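This one's a predicted model, so the numbers in the text were calculated from it and none came from an experiment.
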Amino acid sequence: QVQLVESGGGLVQAGGSLRLPCAASRFSFKDNVMGWFRQAPGKQREFVAAIDGSGDTAYADSVKGRFAVSGDNSKNMVWLQMNSLKPEDTATYYCAAKVRWSRFDISVPRRVAEYRYWGQGTQVTVST
């Protein structure tokens, strides 16, 4: 069974940084896509960033220029580096994995429904 485990969350002051790792087991990142989503209380889960095994990335407009997603195929791991954090970045952050069923699929999707596997989430709280 595929397992995704996030860590690295915590409390940080506005303007600070955090780095969230996600480790995947029984899942080949090299041929698929891994992404980060977040969900604040009372809000829908939203896309943050994603990366495929070749290094193609996608970002939400709200984090572009502040967050960076990276991955290591050999370790089946991805990281979300979050800089210049704002109080509105406060949320539970989830790692997710999308299976590419076709070698012609090169998309790096942003929709929640595209991702089949999910981690348990890690809380990020940004104080003023």
Just wondering, do [Y] and [X] contact through their side chains at under 4.5 Å, heavy atoms?
| X | Y | answer |
| --- | --- | --- |
| Tyr59 | Thr57 | yes |
| Ser54 | Lys30 | no |
| Pro21 | Met77 | yes |

Under 3.5 Å, is there a donor-acceptor pair between the side chain of [X] and the main chain of [Y]?
| X | Y | answer |
| --- | --- | --- |
| Asn83 | Phe67 | no |
| Asp56 | Asp52 | no |
| Asp105 | Arg100 | no |
| Thr125 | Leu11 | no |
| Glu6 | Gln120 | yes |
| Arg110 | Ala50 | no |
| Ser102 | Phe104 | yes |

Going by the side chain to side chain contact (heavy atoms under 4.5 Å, CB included) test, name the single residue among Asp89, Leu80, Thr90, Val124 that passes it with Arg38. Asp89
Check the hydrophobic clustering (I, L, V, M, F, W, Y; side-chain heavy atoms under 4.5 Å; chains of links allowed) and say if Val69 and Trp79 are grouped together. no
Are Tyr117 and Val5 connected, step by step, through hydrophobic side chains (Ile, Leu, Val, Met, Phe, Trp, Tyr) whose heavy atoms are closer than 4.5 Å?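 No, no single cluster joins them.
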Which atom pair, heavy atoms only, marks the closest approach of [X] to [Y]?
| X | Y | answer |
| --- | --- | --- |
| Ala40 | Ala91 | N-CB, 3.9 Å |
| Ser84 | Arg66 | O-NH1, 2.9 Å |
| Leu4 | Ala24 | CD2-CB, 3.5 Å |
| Met34 | Cys95 | CE-SG, 3.8 Å |

Output the rest of the hydrophobic cluster of Tyr94: all Ile, Leu, Val, Met, Phe, Trp and Tyr residues reachable through side-chain heavy-atom contacts under 4.5 Å, sorted by chain and number. Val33, Phe37, Phe47, Val108, Val112, Tyr115, Trp118
With a sphere of 6.0 Å drawn around CD of Gln44, does it hold more than 12 non-hydrogen atoms of other residues, nucleotides or ligands?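 For Gln44, atom CD is not crowded (no more than 12 foreign heavy atoms under 6.0 Å).
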So, Thr92 and Gln39: side-chain donor and acceptor under 3.5 Å apart, yes or no? no
